[in-house]
Number of protein chains: 2
Amino acid sequence: MTLSPDTRAKELGVAQLPSTPRPPATLRDVAAAAGVSVATASRVLSGNPATSSTSRQAVTAAAAQLDFHPNVQARALRSSRTASIGLLIPDIRNPHFGDLAHCVEMHARERGLVTLISASDERLDTQETALRLLMSHNVDGLIVVPQGRRDSPRGPEALDAVVQRGIPLVLADRMVSGLDVPAVVPGTNGLTDAVNELLSLGHERIALIAGPATSSTGRERRLAFDAALDAAGATPDPDLVHEGDFQPASGREGVARLLGLPPGRRPSAVVIADGPMAVGALAALNERGVRIPQDLSVVAHDDLDAFRLCDPPVSAIAQDIAAMGAVALNLLLEPPADGEERTVRQPTLFIQRGSVAEAGLQKSTTTMEGGDDS
Amino acid sequence: MTLSPDTRAKELGVAQLPSTPRPPATLRDVAAAAGVSVATASRVLSGNPATSSTSRQAVTAAAAQLDFHPNVQARALRSSRTASIGLLIPDIRNPHFGDLAHCVEMHARERGLVTLISASDERLDTQETALRLLMSHNVDGLIVVPQGRRDSPRGPEALDAVVQRGIPLVLADRMVSGLDVPAVVPGTNGLTDAVNELLSLGHERIALIAGPATSSTGRERRLAFDAALDAAGATPDPDLVHEGDFQPASGREGVARLLGLPPGRRPSAVVIADGPMAVGALAALNERGVRIPQDLSVVAHDDLDAFRLCDPPVSAIAQDIAAMGAVALNLLLEPPADGEERTVRQPTLFIQRGSVAEAGLQKSTTTMEGGDDS
DNA sequence: TTGTAGGCGTTATCAG
DNA sequence: CTGATAACGCCTACAA
């Protein structure tokens, strides 16, 4: 009775125990079972047309029989292709990037590619180590929502290394100045529309909780904001722009700073440049009892589900993030030719909801006192 | 002039263009540069003590000089270890699982492991194909938030295959009946506390928007809910339980159904079994003009940032998801011995906020009319 | 302590 | 069309 479970099970005709780690079948096994050489087996399984229907049948049957799955490491070693792509995003917890990751991963999976997802936490050093790790796994391509600028002392060197190694690279959501690779980024048209709408509602003091100037989206949205004010002949007030870092805490800080201004200089409307900062800002406004839109009109970039929990719901500048993911993957798999445009801009859409109202509303109240409702 | 850039650059003696995909250095190169054999180089770099300090210095210097990184595919082929783990979650966009993914990925990266993240979209068939794909990449271990039950006709067969192949497996957030592997799941104490608090506030008709019975969390939360009512001698009303599917739409449906009950049978409080359903439910309540907590007290499982945007903020049952991720990774890397407990329960915490109030409030109003505020 | 050599599983290059 | 066979880059007995 000292038979191995394997033998015993077979002898007794008993169902195999769940824990029978039999080594997976190799191409050799398949070839042997099919009565052909490994070369022929390989050809059949990789769709090489130089095969007879006889061997094709024998090999496919044997492969199915043995539940053969090619060893991806061996294949990668030989062909230097790993059937994997890397995706580096600033923060998985931000639903915006979560959506992006979801979409990229799903489409990649449909094409038989696995996605190695990594997060940079909006930090340059983390981006560097994460990129090195992804590169060390020989991903076939890389989609990156980048950090940092190339003209700063400590720039995104790992990104240069990626390009230098000849690994296909696509930037998503943000660009890096001086790095000429295909990219898909959101347009600023939605933001422009939002500011114009606020202006046409009579708002004269419109604030911006901006993204960091180190990110192209931060810069571009600020430029679009300024340009829209400028085009309307409005005088921009630097005190009405708070530069945040795309994190909720900086949204709160922005609110605190704007509400801390002397009464006459406070804004009657605020535009917030990304979702997490908007969540922080809205939470802070909520805590302070600032009413929207009576005391302050609000527009947020990125249309989060959470905005529908506010009463009235928050106006938003929506992007089709799923489309952005799909475009990024396409740019990666079918790179644009040299002549073609390498930067795709996705339109954004201003969605007006109850959180914006005429500027007159604010003027008729004695609000923005920052917390006391008396 | 039809030379490849490569050849042309060489012939002209021109500085190499930035796109010079020089093949990465191999162990051979390092050994040659250091004047030792590949075996010695390998030993030095893998920390084998059988090395002289002379060769150690030469090899490390050469490796640094050549920017050597071992080829992970070759190493994996030899050692059958890929330095990668797989993580399968239902939905990256759910911040709950986004947090989990973030935490697992971060800790794994600190240990030099890459994480292959995949999403099952709360679907059994997607889970199966995703698992097969992860297995085919020979991940060293797998953390899965599972779908399906083993006793159903089409069960999670791929999970059995994982176990059968001997791949270390840890379940997170949910369990699968009959699958005896290490798991970390949330406790139900927070939910019990929440129901008890509602009861002590005088609520007699407490509704539950439950998770699917196909998931262990769905079942367990419903059981805890029933048990808490039972312990208090309350009579549960099946009409007050709506079984959703953890997605926002089913939260909306639950609200519609509860508000559709005849006035006398409507709930004065509702507990919602996960974050996305809570978002859907709160959005629906908001649209219908149902006031919280005057018309309805609300408690949601999982503490989302979005809940702070509501006025008053929504009471929640919080879990330390980061801890859950850390525990899952630990269970994977250091599996419990046979005698030890294999299922870790993480405590959950009921956080009371303004969205719950005494039951009397509801009775004093003529509300729950579903939209008309007159 | 060091070097030689075999092999992990696959693909690609040759002759047949 | 097929079959030997040589890599791919690394690790590790085994022998020196």
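Numbers restart at 1 for each chain; the letters A, B, ... are given by sequence-line order, proteins then strands.
- In the helix from C:dT1-D:dA16 to C:dG16-D:dC1, the end axes, each obtained as the rotation axis mapping the C1' atoms of four pairs onto the next four within a five-pair block, lie 40° apart to the nearest 10 degrees.
- Following rounding to the nearest Å, B:Asn71 (CG) and D:dC8 (C1') show an atom-to-atom distance of 8 Å.
- What separates CG of A:Asn138 from P of D:dC8 is a distance of 15 Å, to the nearest Å.
- Atom CG of B:Leu45 and atom P of D:dG9 are 16 Å apart (whole Å).
- At least one donor-acceptor pair under 3.5 Å links the side chain of A:Arg109 to the backbone N or O of B:Ala119.
- In terms of the salt bridge (Lys or Arg N to Asp or Glu O under 4.0 Å) criterion, A:Asp121 has no residue partners (sequence neighbours excluded).
- At a threshold of 4.0 angstrom between heavy atoms, the contacts of A:Leu27 include nucleobase atoms, whether or not backbone atoms are also involved.
- Side-chain N or O atoms of B:Thr51 include none that pairs as donor or acceptor with a backbone N or O of B:Arg56 at under 3.5 Å.
- Contacts of B:Ala326 classified as side chain to side chain contact (heavy atoms under 4.5 Å, CB included), with partners at least two apart in sequence or in another chain: B:His107.
- In summary, of the residues considered (A:Leu331, A:Asn330, A:Leu329), a side chain to side chain contact (heavy atoms under 4.5 Å, CB included) with A:Val327 occurs for A:Leu331 alone.
- The side chain of B:Leu77 lies closest to C:dG9, out of D:dG3, C:dT10, C:dG9.
- The nearest whole Å value for the distance from the CD atom in B:Gln73 to the C1' atom in D:dG9 is 10 Å.
- Taken from CD in A:Gln164 to CG in A:Leu159, the straight-line distance is 12.0 Å, to the nearest 0.5 Å.
- As a whole-Å value, the separation of B:His137 NE2 from C:dG9 P is 17 Å.
- With A:Gln127 contributing its side chain and A:Gln147 its backbone, the two residues share a donor-acceptor pair below 3.5 Å.
- A distance-only check finds no donor-acceptor pair linking the side chain of A:Thr115 to the backbone of A:Ile117 [under 3.5 Å].
- Contacts between residues 48-66 of chain A and DNA chain D, defined by a heavy-atom separation below 4.0 Å, involve A:Ala50, A:Thr51, A:Ser52, A:Ser55, listed by number.
- Between A:Arg132 atom CZ and A:Ser118 atom OG the span is 14.0 Å, to the nearest 0.5 Å.
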With 3.5 Å as the limit, what N/O pairs link the protein to nucleotides 12-16 of chain C?
| residue | atom | partner | partner atom | Å |
| --- | --- | --- | --- | --- |
| C:dA12 | O4' | A:Arg78 | NH2 | 3.3 |

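- Heavy-atom nearest nucleotides on DNA chain C were determined for B:Ser37 and for B:Ala74, and the one closer to the 5' end corresponds to B:Ser37.
- Summarising the geometry, the separation between CZ on A:Arg75 and C1' on D:dA7 is reported as 17 Å, rounded to the nearest angstrom.
- The salt bridge (Lys or Arg N to Asp or Glu O under 4.0 Å) contacts involving residues 39-48 of chain A comprise nothing, where partners must be two or more places apart or lie in separate chains.
- Between the side chain of B:Glu128 and the main chain of B:Ala158, a donor-acceptor pair closer than 3.5 Å is present.
- Across C:dG9, C:dT2, D:dC10, the shortest atom-to-atom separation from the side chain of A:Thr26 is found for C:dG9.
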